[in-house]
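Everything on this sheet refers to the single structure shown next.
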Amino acid sequence: MSDSLERLYQAVLAARDLDPATSRTARLFQRGPSKMAKKLAEEAIEVVIDAVNGDAPAVVRESADLLYNLTVLWASAGVKPEDVWREMERRERLQGIAEKLPKSARKLRQDISKELSKAVANDATAQPAARRRIVALEARGLRKRH
Ligand SMILES: N=c1c2ncn([C@@H]3O[C@H](COP(=O)(O)OP(=O)(O)OP(=O)(O)O)[C@@H](O)[C@H]3O)c2ncn1[C@@H]1O[C@H](COP(=O)(O)O)[C@@H](O)[C@H]1O
């Protein structure tokens with residue numbers, strides 16, 4: 001799939017400067033990111049409607065339109081397909097690591113990050129409770145890295 005999207009992305013880049021009268025892509029670039037975003041959102045809704053209606057062939061067609069409009073928006077935003085593949089691979093690795101963590105450790109890390117982000121969100125100095133929560137976490141043997 002990534003090959004097809006990469007070829008489409010290159011075709012979109014090539015069409016960007018064509019005559020808007022004959023190239024939809026050139027017309028989208030001429031009309032700018034808000035028009036691109038509107039078209040992408042419309043296509044996403046069309047995919048949803050066809051999926052809810054159980055119309056698989058229509059989902060296929062609208063998904064192709066959706067991916068086309070997404071690559072146009074990527075090009076406009078300066079995003080390359082490989083940027084997205086890299087992010088997906090990063091998440092895959094994270095998921096892999098998370099799955100390897102023992103449940104207790106993973107749950108504990110989730111508790112810690114929740115507590116610490118709460119403490120950061122509030123003004124920790126003015127919120128003694130937040131400090132107490134962090135101290136409590138430290139007491140559970142989770143020393144800050146120095
Ligand atoms: N992959 C696509 C592609 N997929 C979908 N579309 C267009 O996107 C539209 C999406 O369906 P819509 O129902 O929203 O379109 P519509 O009914 O015409 O509605 P409006 O957008 O006109 O309001 C369709 O009209 C398709 O023509 C595409 N247009 C171009 N490409 C490729 O983009 C490259 C550049 O082509 P040009 O834009 O024609 O230069 C080429 O490689 C093309 O194959």
Side-chain angles (χ1 to χ4, degrees), residues 1-127 129-131 133-134 136-137 140 142-146:
M1 165 164 147
S2 57
D3 287 352
S4 306
L5 272 178
E6 281 162 6
R7 282 197 306 276
L8 175 55
Y9 183 81
Q10 292 307 322
V12 161
L13 290 182
R16 177 167 47 187
D17 304 320
L18 293 179
D19 177 1
T22 54
S23 162
R24 160 182 287 278
T25 304
R27 199 156 53 248
L28 281 172
F29 272 95
Q30 185 184 54
R31 298 176 75 175
S34 52
K35 177 65 178 174
M36 295 170 183
K38 182 171 173 294
K39 290 308 295 172
L40 182 59
E42 283 172 5
E43 295 305 337
I45 291 165
E46 288 178 30
V47 169
V48 165
I49 291 168
D50 291 326
V52 166
N53 292 336
D55 184 348
V59 171
V60 170
R61 288 193 303 275
E62 295 306 336
S63 297
D65 286 344
L66 176 71
L67 290 172
Y68 160 71
N69 283 283
L70 180 61
T71 53
V72 172
L73 200 66
W74 282 352
S76 168
V79 169
K80 298 185 186 68
E82 54 268 27
D83 300 332
V84 179
W85 312 153
R86 219 179 356 265
E87 173 59 17
M88 291 168 72
E89 284 157 13
R90 186 185 72 84
R91 294 177 185 194
E92 206 176 338
R93 280 196 304 278
L94 275 184
Q95 185 60 36
I97 294 167
E99 275 157 10
K100 290 190 183 70
L101 279 177
K103 282 245 184 305
S104 57
R106 187 164 59 195
K107 178 77 179 61
L108 205 46
R109 285 183 194 290
Q110 283 163 356
D111 290 350
I112 292 170
S113 59
K114 257 189 228 136
E115 289 297 331
L116 291 178
S117 48
K118 266 187 233 160
V120 168
N122 310 325
D123 174 349
T125 49
Q127 300 282 339
R131 299 299 308 160
R133 273 202 299 272
I134 291 176
L137 288 172
R140 284 157 72 175
L142 299 155
R143 299 273 165 235
K144 279 192 174 58
R145 274 188 289 279
H146 295 292

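These values consider heavy atoms only, across backbone and side chains, with no hydrogens, waters or symmetry-generated copies. What you see is a predicted model; the values in this text were computed from it and never measured. Counting starts at 1 for both ligands and their atoms, following the listed order. Residues: numbered from 1 along the sequence shown.
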Q) Please state which protein non-hydrogen atom is closest to atom 2 (C) of ligand 1 and give its distance, to 0.1 Å? A) Tyr68 CD1, 3.3 Å
Q.
Please give me the minimum heavy-atom distance between Leu5 and Thr71, naming the atom from each residue.
A. CD2-CG2, 3.7 Å
Q. Does atom 7 (C) of ligand 1 have any protein heavy atom closer than 4.0 Å?
A. yes
(Q) Lys39 versus ligand 1: do any nitrogen or oxygen atoms come within less than 3.5 Å of each other? (A) yes
Q: Could you tell me whether the side chain of Ser63 and the main chain of Val59 form a donor-acceptor pair under 3.5 Å?
A: yes
Q. Please state which protein non-hydrogen atom is closest to atom 22 (O) of ligand 1 and give its distance, to 0.1 Å?
A. Arg24 NH2, 2.9 Å
Q: Identify, for atom 43 (C) of ligand 1, the protein heavy atom at the shortest distance, and state residue, atom and that distance.
A: Leu8 CD1, 5.0 Å
Q. Any non-hydrogen protein atom below 4.0 Å of atom 18 (O) of ligand 1?
A. yes
Q. Is any NZ, NE, NH1 or NH2 atom of the basic residue among Asp3 and Arg7 found under 4.0 Å from an Asp or Glu carboxylate oxygen of the other?
A. no
(Q) With respect to Ser23, determine whether any N or O atom, backbone or side chain, lies less than 3.5 Å from an N or O atom of ligand 1. (A) yes
Q: Identify, for atom 42 (O) of ligand 1, the protein heavy atom at the shortest distance, and state residue, atom and that distance.
A: Ala11 CB, 3.4 Å
Q: Check Met36 against Ser76 and note the closest heavy-atom contact, atom names and distance.
A: SD-CB, 3.3 Å
Q | Any donor-acceptor pair under 3.5 Å from Ser113 side chain to Gln110 backbone | A | yes
Q | Ligand-side contact atoms (ligand 1) for residue partner Ala15, heavy atom cut-off under 4.0 Å | A | 35 (C), 40 (O)
**Q.** Protein contact to atom 5 (C) of ligand 1 [nearest heavy atom, distance to 0.1 Å]
**A.** Asp65 OD1, 2.9 Å
Q.
Please find the pair of heavy atoms, one from Ala75 and one from Arg16, that lie closest to each other, and give the distance.
A. O-NH1, 4.2 Å
Q: Begin from the C-alpha positions of Glu82 and Arg86 and carry the test salt bridge (charged side-chain N to carboxylate O under 4.0 Å, His left out) through to its verdict.
A: CA-CA 6 Å; Glu82 54 268 27; Arg86 219 179 356 265; over 6 Å; no
Q | Residues Asp83, Lys80: salt bridge by 4.0 Å N-O rule | A | no
Q: Go through ligand 1 atom by atom and flag the ones less than 4.0 Å from a non-hydrogen atom of Thr25.
A: 33 (O), 35 (C), 36 (O), 37 (P), 38 (O)
Q. Which ligand 1 atoms, with their elements, are less than 4.0 angstrom from a heavy-atom of Glu43?
A. 10 (C), 11 (O), 12 (P), 14 (O)
